[in-house]
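A quick write-up on the structure given underneath.
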Amino acid sequence: MLKTHNCGELRVEHAGQQVTLAGWVHRWRDQGGLVFWDLRDRWGITQVTIDQQATPEVHALAKDVRSEWVVQITGIVNQRPEGMTNPDLPTGDVEVVATDVQILNQAKTTPFYINKDENVDEALRMRYRYLDLRRPPMQHNIMLRHNVIRFIRNYLADQGFVEIETPILFKTTPEGARDYLVPSRVHPGKFFALPQSPQQLKQLLMVAGYERYFQIARCFRDEDQRGDRQPEFTQLDLEMSFVERDDVLALIEDLMTRLVEEVTDCELVTKPFPRLSYQDAMLRYGSDKPDLRYGMEIVDITPLAAETTFKVFTGNVEAGNPVRAICVPECGTYSRKQLSELEENAKAAGAKGLAWMAVEEGEGQVRSPIAKFFSPEQITDLIARVGANPGDLILFASDAETVVCEVLDTMRRAMAARLELVDPKQIAFCWIIDFPLFTWNEDETRWDPSHHLFTSPMPEDVPLLDTDPGQARGQQYDLACNGYEVAGGSIRIHNRDVQEKIFGLIGLDLEDAKERFGHMLEAFEYGTPPHGGIAPGIDRLVMLLAGQPNIREVIAFPKTQQAADLMAGAPSEPTEAGQLEELHIRVVLPD
RNA sequence: GGGGGCGUAGUGUAGCGGUUAACAUGCCGGCCUGUCAAGCCGGAGAUCGCGGGUUCGAAUCCCGUCGCUCCCGCCA
């Protein structure tokens with residue numbers, strides 16, 4: 001080893017010892033006859049001093065060293081004199097007085113600061129990702145990710161889970177996202193698909209009798225990117241046999257609770273995790289992934305609004321649409337300009353306008369363009385229903401059900417951001433359960449599975465499959481955290497009759513089903529245990545635990561929004577002549 | 001596929017129709033033995049993403065294009 005200690009571990013008790021450190025020169029301060037280096041490695045920073053009088057040759061060499069040069073130093077640990085310690089550094093009570101310095105490598109001036117936490121153009125960060133990853137905040141994120149995954153592995157192994165790898169080269173599936181395809185050289189004209197998730201394979205592992213399986217699985221989906229979506233991402237894929245929904249929820253809840261409390265410095269603010277039905281979540285938060293770190297719950301005021309003389313409200317009520325509101329604390333003094341900004345937010349979410357009411361001091365006193373359509377009693381009633389206090393701002397939405405949810409979800413999040421109600425150190429999980437099994441596909445005039453087509457209905461809702469499929473709930477569950485969906489799963493169908501009924505409802509006849517999922521259906525005929533599972537997204541989870549705004553910050557080598565790698569220059573054209581011919585591929589570029 | 005934002009020395013920003021294109025930091029040289037975002041003195045460094053247009057004059061206005069990003073669609 002080129003070092004006896006790392007740069008984060010020396011303390012006063014090491015004083016007097018000879019040590020050898022190696023790392024990067026994080027910062028340097030040339031004092032003339034005395035040179036200081038902040039020497040950095042993965043573990044921390046230690047100050048090194050090079051004294052001209054004591055070690056003139058070493059000092060002469062050290063004079064030329066610059067940021068990010070790689071050096072090895074040998075010296076004596078010295079307790080710093082009083083008044084010269086650095087309380088910001090764990091190693092700040094000591095320094096190493098160099099007696100020897102080896103320059104292991106020089107470094108060009110880096111294209112951006114390693115030693116300064118400054119916003120850098122993301123394209124530049126991506127092009128020099130290896131330098132970006134060298135920055136301490138990124139090292140922290142990547143290390144946190146490692147600790148999260150290590151914790152998960154240990155926890156699940158202790159619970160009797162087996163980690164099993166599944167193929168990356170697999171079969172294209174008709175459902176779901178667009179597949180990434182890989183051409184087969186030995187099967188001309190045929191393609192593998194990269195898995196969108198190991199869904200089928202983990203169910204087959206249950207048929208195979210492993211009972212408790214997990215995998216830290218890479219998944220691929222060729223869809224457009226978002227801050228929380230990359231073309232390849234990592235799931236904790238997990239499946240269990242002989243379990244019911246609550247067994248899966250209990251396991252994950254315990255895992256997540258311990259993870260937050262033992263691995264991070266975040267505060268878990270939901271304990272136990274609240275369980276919301278899908279319907280309840282939509283009603284109270286307008287979202288199936290609500291952020292529970294703040295209030296501003298949606299209140300339905302449809303009956304009250306129906307009695308007013310405000311035509312927008314009464315018209316919507318007559319059309320069967322709801323009128324709902326949120327109460328925003330202490331925004332009653334918002335100016336015309338601020339309110340019009342809010343209206344722009346609402347319109348972007350699909351609203352036609354944004355009605356508001358500022359609650360003022362005094363019984364039933366409000367400032368609002370629509371106050372004249374309310375009787376004094378109705379205003380008092382409204383204020384009571386939404387729980388408003390003087391100084392608060394009430395925002396209304398009235399439109400089709402889905403629009404109202406979308407608008408008030410948007411307003412809730414926009415106001416939380418404006419009021420800085422979100423603390424990134426707080427973690428608020430909740431379960432969303434009782435999802436509808438199907439959603440109606442208007443274009444194809446058929447039912448689509450809300451989750452996937454192996455999701456088992458709630459046992460008591462099975463009869464509804466024949467009478468009112470839209471009302472049937474699935475044994476499906478999502479884990480939401482801070483406004484993001486961080487896991488989704490279900491209890492699977494293991495009953496052939498039910499499975500065939502589902503195929504029928506989604507417009508898949510048995511022949512089609514056999515063609516697409518024949519291997520699954522065949523497998524299910526050989527003694528399939530009741531089973532179910534879940535798949536938390538590791539990137540999103542670590543993003544939230546790291547308090548980061550997007551998952552690129554917790555992925556070592558992410559892709560850009562255009563799904564490119566700016567460092568390596570991928571994707572690229574084939575390099576070898578004949579590469580495409582060998583794969584039986586001819587490229588037709590768009591015009 | 002659609003909409004928004006950004007692009008100016010190595011980096012981060014300012015400038016938004018006439019400036020010698022500014023500031024900070026980094027870089028180079030000099031001084032300095034207790035600094036830790038070190039300090040002080042001096043210096044170099046920018047075809048203002050790219051292409052076209054409007055104008056007497058464009059970093060600035062317009063059009064196109066490329067890149068990054070946020071959002072909608074999409075993501076069982």
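In what follows, every chain begins at residue 1, and chains take the letters A, B, ... in the order their sequences are listed.
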Supply the atom-to-atom distance A/S287 OG to A/Y278 OH, rounded to the nearest 0.5 angstrom. 9.0 Å
Taking the C1' atom in each of B/A46 and B/G2, what is the distance between them to the nearest angstrom? 36 Å
Could you check whether A/R80 gets within reach of a base, just the sugar-phosphate, or nothing at all, counting any heavy atom under 4.0 Å? base
Might you confirm whether atom NE2 of A/H519 has over 12 heavy atoms from other residues, nucleotides or ligands at distances under 6.0 Å? yes
Over all strands shown, is A/G227 touching base, sugar-phosphate only, or nothing at heavy-atom distances under 4.0 angstrom? sugar-phosphate
Is A/L566 touching bases, backbone alone, or none of the nucleic acid, heavy atoms closer than 4.0 Å? sugar-phosphate
B/G15 and B/G49, which share atom name P, separated by this distance in whole Å: 15 Å
Assess the residue pair A/E341 and A/R418 against the criterion (side chain to side chain contact (heavy atoms under 4.5 Å, CB included)); give the C-alpha distance rounded to whole Å, side-chain angles, the decisive distance to 0.1 Å, and a yes or no. CA-CA 11 Å; A/E341 284 168 10; A/R418 274 174 175 263; 2.5 Å; yes
Give none if B/U60 has no partner; otherwise give the nucleotide forming a Watson-Crick or G-U wobble pair with it, both distances under 3.5 Å. none
Atom P, compared across B/C40 and B/G45: separation rounded to whole Å: 23 Å
Contacts satisfying salt bridge (charged side-chain N to carboxylate O under 4.0 Å, His left out) that involve residues 193-202 of chain A (not counting sequence neighbours) are A/K202-A/D237, A/K202-A/E239
Give A/Q196 one of three labels, base, sugar-phosphate or nothing, depending on what nucleic acid heavy atoms sit under 4.0 Å from its own. nothing
Does the base of B/G12 carry an N or O that pairs as donor and acceptor with the side chain of A/D121 under 3.5 Å? no
Nucleotide N/O of nucleotides 2-7 of chain B paired with protein N/O under 3.5 Å:
none

Base-pairing assignment for B/A22 (Watson-Crick or G-U wobble, both under 3.5 Å): B/U13
B/G34, B/C71, B/C70: which one has an atom nearest the side-chain heavy atoms of A/N550? B/C70
Do A/R29 and B/U33 share a donor-acceptor pair, side chain to base, under 3.5 Å? no
Footprint string (nucleotides 40-45 of chain B, 5' to 3'): B base within contact, S backbone only, - free, heavy atoms under 4.0 Å: ------
Give one of base, sugar-phosphate or nothing for A/S490, where a contact means two heavy atoms less than 4.0 Å apart. nothing
Mind checking who B/C6 pairs with, Watson-Crick or G-U wobble, both distances under 3.5 Å? B/G67
Nearest 0.5 angstrom please: A/Q230 CD to A/T560 OG1, how far? 8.0 Å
So which one's nearest nucleotide on RNA chain B is more toward 5', A/P81 or A/D448? A/P81
Base, sugar-phosphate, or nothing for A/L89, non-hydrogen atoms under 4.0 angstrom? nothing
Counting side-chain heavy atoms from C-beta on, which of B/C68, B/G12, B/G34 comes nearest to A/A123? B/C68
With rounding to the closest Å, how many angstrom separate the P atoms on B/U55 and B/C16? 24 Å
For a quick check of understanding: with a heavy-atom distance under 4.0 Å over all strands, which category does A/E485 fall into, base, sugar-phosphate or nothing? nothing
Return yes when atom NZ of A/K63 has more than 12 non-hydrogen atoms of other residues, nucleotides or ligands closer than 6.0 Å, and no otherwise. yes
Using a 4.0 Å heavy-atom cut-off, write out nucleotides 22-31 of chain B from 5' to 3' as B (base contacted by protein), S (sugar-phosphate only) or - (no contact). ---BSSSS--
If you look at every heavy atom in A/L61 and A/V101, which pair is closest and at what distance? CD2-O, 3.4 Å
With a 4.0 Å cut-off on heavy atoms, is A/T85 in touch with a base, just the backbone sugar-phosphate, or nothing at all? base
Taking B/U20 as the reference, what is the distance to B/G29 when you measure between their C1' atoms (whole Å, please)? 24 Å
Can you check the distance between B/C74 and B/C6, where both ends of the measurement are the P atom (answer in whole Å)? 28 Å
Rounded to whole angstrom units, what separation is found between the CG atom of A/N86 and the P atom of B/A38? 11 Å
What residue pairs, at least two apart or across chains, pass salt bridge (charged side-chain N to carboxylate O under 4.0 Å, His left out) with a residue in residues 41-54 of chain A? A/K3-A/D41
With no angle test and no hydrogens, is the base of B/C74 tied to the side chain of A/R229 by a donor-acceptor pair under 3.5 Å? yes
Looking only at side chains, do A/S450 and A/Q476 share a donor and an acceptor under 3.5 Å apart? no
Please list, chain by chain and in numerical order, all residues satisfying salt bridge (charged side-chain N to carboxylate O under 4.0 Å, His left out) with A/D478, sequence neighbours excluded. none
With the stacking rule set at 5.5 Å and 30°, tell me whether A/F36 counts as stacking on B/U35. yes
Closest to the side chain of A/T560, out of B/U11, B/U69, B/C32, is B/U69
Within the supplied structure, the quantity of interest is the number of heavy atoms (other residues, nucleotides, ligands) at a distance under 6.0 Å from A/R229 CZ; does it exceed 12? yes
Under 6.0 Å between ring centres: does that hold for A/W440 and A/W447? yes
Is it true that A/Q196 and A/D179 share a donor-acceptor pair across their side chains at a distance under 3.5 Å? yes
Could you identify the nucleotide paired to B/G39, looking across every strand shown and requiring Watson-Crick or G-U wobble geometry with both distances under 3.5 Å? B/C31
Using the C1' atom as the reference point in each nucleotide, state the distance between B/G17 and B/G5 in Å, no decimals. 24 Å
For a side chain to side chain contact (heavy atoms under 4.5 Å, CB included) with A/R221, tell me which candidate from A/S197, A/P195, A/P231 qualifies. A/S197
So A/S450, base contact, sugar-phosphate only, or nothing? Heavy-atom distance under 4.0 Å. sugar-phosphate
For B/G43 versus B/G26, give the span between their C1' atoms, rounded off to a whole number of Å. 14 Å
N or O in side chain of A/R552 less than 4.0 angstrom from B/C70 OP1/OP2: yes
Return the value, rounded to whole Å, for the distance between atom CG of A/N115 and atom P of B/U35. 20 Å
Let me spell it out: for each of A/Q562 and A/Q199, pick the nucleotide of RNA chain B with the closest heavy atom. Which residue's pick is nearer the 5' end? A/Q562
Pick from A/V77, A/T91, A/D93, A/T85: which one makes a side chain to side chain contact (heavy atoms under 4.5 Å, CB included) with A/V12? A/D93
Please check the phosphate of B/G73 (OP1 and OP2 only) for any side-chain N or O of A/R226 closer than 4.0 Å. no
